[in-house]
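To start, the structure under review is shown below, and the notes come after it.
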Amino acid sequence: MTTLEKLLEVRKTRGAGYLILIDPDKIDPAKLPAFVRDATEAGADGFLFGGSLLLSNEIDKLIQLIKSNTSLPVIIFPGSLFQISPVADAILFLLLISGRNPDHLIGNQVTAAPIIKRSGLEAISTGYMLIEAGKTTSAEFMSNTRPIPHNKPDIAVAHALAAELIGMKLLYLDAGSGADFPVPDEMIQKIAKHSFLPMIIGGGIRNPEVAREKVKAGASFVVTGTINEQNSQHSLVREFAEAVHSVQFANRKT
Ligand code: 1GP
């Protein structure tokens, strides 16, 4: 089973999936094994790995460390061309479709494609949209693109449809790490109504109730990063996982 198939299976069986983002610059490698084991046991569905910069740790070693402590998928969410590692299970092959920066629409992909092909890493074609978040996020600054205004869901829908017609497999709507406010429910609802592509939603989600609202609106996967860096407790991961998985259950009852 490919990693994409595993993700889609999670969506099918649990209604939606809960993914935890591990940023190599923001974690303490000494604490990583216990956190990964705890998060796996607490009901997370997978790990994303990546960040806007790469100031410190070596990514191959860190991904190996994550993988040796979990059986869940470990997927690279690359902040740059330097975040490609054959050790991971897959990489989100991102096109920053909300922006108009050719480097992030085709330039970096052309550079990365032969490396990814040679490594045998599974590439999951993903339409990545930055959504306005109340402040300039690292992703916005580093990509040199403007996010989609948060009160313009129709613009987001048109981007989602373009991704679908191009043949992409996933959408990732990101308010950016540490966003003041997350991707609005109305935007998620509208995209879910018009496009069949599974949606990953992340950025600025700090409590389980908000995660639940995103799934109710139509998210297939919810990502948190910053909150887990601030509070790595097992109980918090469990609360998020239960919130994300509870929606299908609630729907089944109705
Ligand atoms: C950012 O979606 C991720 O790309 C996670 O965001 O760190 O705000 O949880 P946070």
Side-chain angles (χ1 to χ4, degrees), residues 7 16-28 32 35-36 39 42 44-55 59 66 73-80 83 88 90-99 104 124 126-145 147-148 150 156 170-185 187-188 191 198-215 217-233 236-237 239-241 243-244:
L7 290 177
Y18 174 45
L19 306 175
I20 295 179
L21 174 65
I22 295 178
D23 183 332
D25 283 327
K26 294 186 183 149
I27 48 141
D28 176 354
L32 190 58
F35 174 68
V36 169
D45 295 296
F47 296 92
L48 297 185
F49 179 92
S52 290
L53 301 167
L54 205 61
L55 296 175
I59 70 163
I66 299 169
V74 180
I75 304 163
I76 299 173
F77 170 46
S80 78
Q83 296 173 25
I91 185 167
L92 296 182
F93 196 70
L94 302 174
L95 266 73
L96 207 175
I97 58 174
S98 59
H104 296 299
I124 304 174
T126 304
Y128 182 65
M129 293 188 222
L130 281 174
I131 312 298
E132 183 193 357
K135 66 179 179 192
T136 305
T137 60
S138 299
E140 181 184 339
F141 181 82
M142 293 301 291
S143 65
N144 199 16
T145 65
I148 295 175
H150 76 277
L170 296 176
L171 294 171
Y172 191 144
L173 274 74
D174 196 353
S177 193
D180 283 348
F181 42 82
V183 177
D185 294 349
M187 188 177 277
I188 300 168
I191 292 178
M199 256 182 285
I200 304 172
I201 303 293
I205 297 174
R206 294 188 183 80
N207 70 66
E209 198 40 52
V210 173
R212 191 195 322 269
E213 289 308 319
K214 301 305 157 199
V215 177
S220 294
F221 300 93
V222 171
V223 183
T224 63
T226 304
I227 191 69
N228 309 100
E229 289 153 15
Q230 293 165 349
N231 175 353
S232 61
Q233 279 180 2
L236 185 71
V237 175
E239 282 172 37
F240 268 104
V244 167

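When a ligand or atom number is given, it counts from 1 through the structure's own listing order. Note that this is a predicted model, so its numbers are computed, not measured. Note that the numbering runs from 1 along the sequence shown for the chain. Hydrogens, waters and symmetry mates play no part in the numbers below; they use all other heavy atoms, side chains included.
Ile97 contributes atom CD1, which lies 14.0 Å from atom OH of Tyr172 (distance to the nearest 0.5 angstrom). Atom CG in Leu92 sits 5.5 Å away from atom CD1 in Ile124 (nearest 0.5 Å).
In this structure, Ser98 contributes its side chain and Ile148 its backbone to no donor-acceptor pair below 3.5 Å. Panel note: side chain Asp45, backbone Leu19; no donor-acceptor pair is recorded below 3.5 Å. At least one donor-acceptor pair under 3.5 Å links the side chain of Glu132 to the backbone N or O of His150.
Considering only non-hydrogen protein atoms, atom 9 (O) of ligand 1 sits nearest to Gly225 N, 2.8 Å. Protein heavy atom nearest atom 3 (C) of ligand 1, with residue, atom name and distance: Tyr172 OH, 3.6 Å. Considering only non-hydrogen protein atoms, atom 10 (P) of ligand 1 sits nearest to Thr226 OG1, 3.4 Å. In this structure, the protein non-hydrogen atom closest to atom 4 (O) of ligand 1 is Asp174 OD2, 2.5 Å. Summary of contacts: the protein heavy atom closest to atom 5 (C) of ligand 1 is Gly203 N, 3.8 Å.
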Tell me, with the steps shown, if Ile227 and Phe240 meet side-chain contact (heavy atoms from CB on, under 4.5 Å).
CA-CA 11 Å; Ile227 191 69; Phe240 268 104; 4.0 Å; yes
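For the side-chain contact (heavy atoms from CB on, under 4.5 Å) with Ile201, the lone residue among Leu171, Val210, Val183 that qualifies is Val183. Just one of Ile91, Leu21, Ile59 meets the side-chain contact (heavy atoms from CB on, under 4.5 Å) condition when paired with Phe49; it is Ile59.
Close approach of ligand 1 to Phe77 (heavy-atom distance below 4.0 Å) involves ligand atoms 4 (O). For ligand 1 and Gly204, the ligand atoms under 4.0 Å from any heavy atom of the residue are 8 (O), 10 (P). Shown in contact with Gly202 at under 4.0 Å from a heavy atom are these atoms of ligand 1, numbered in order with element: 2 (O). Set against the non-hydrogen atoms of Gly178, the atoms of ligand 1 under 4.0 Å away are 7 (O), 8 (O), 10 (P).
Between Thr224 and ligand 1, a contact under 3.5 Å exists for no N or O pair. For ligand 1, none of its N or O atoms has an N or O atom of Ile205 under 3.5 Å away.
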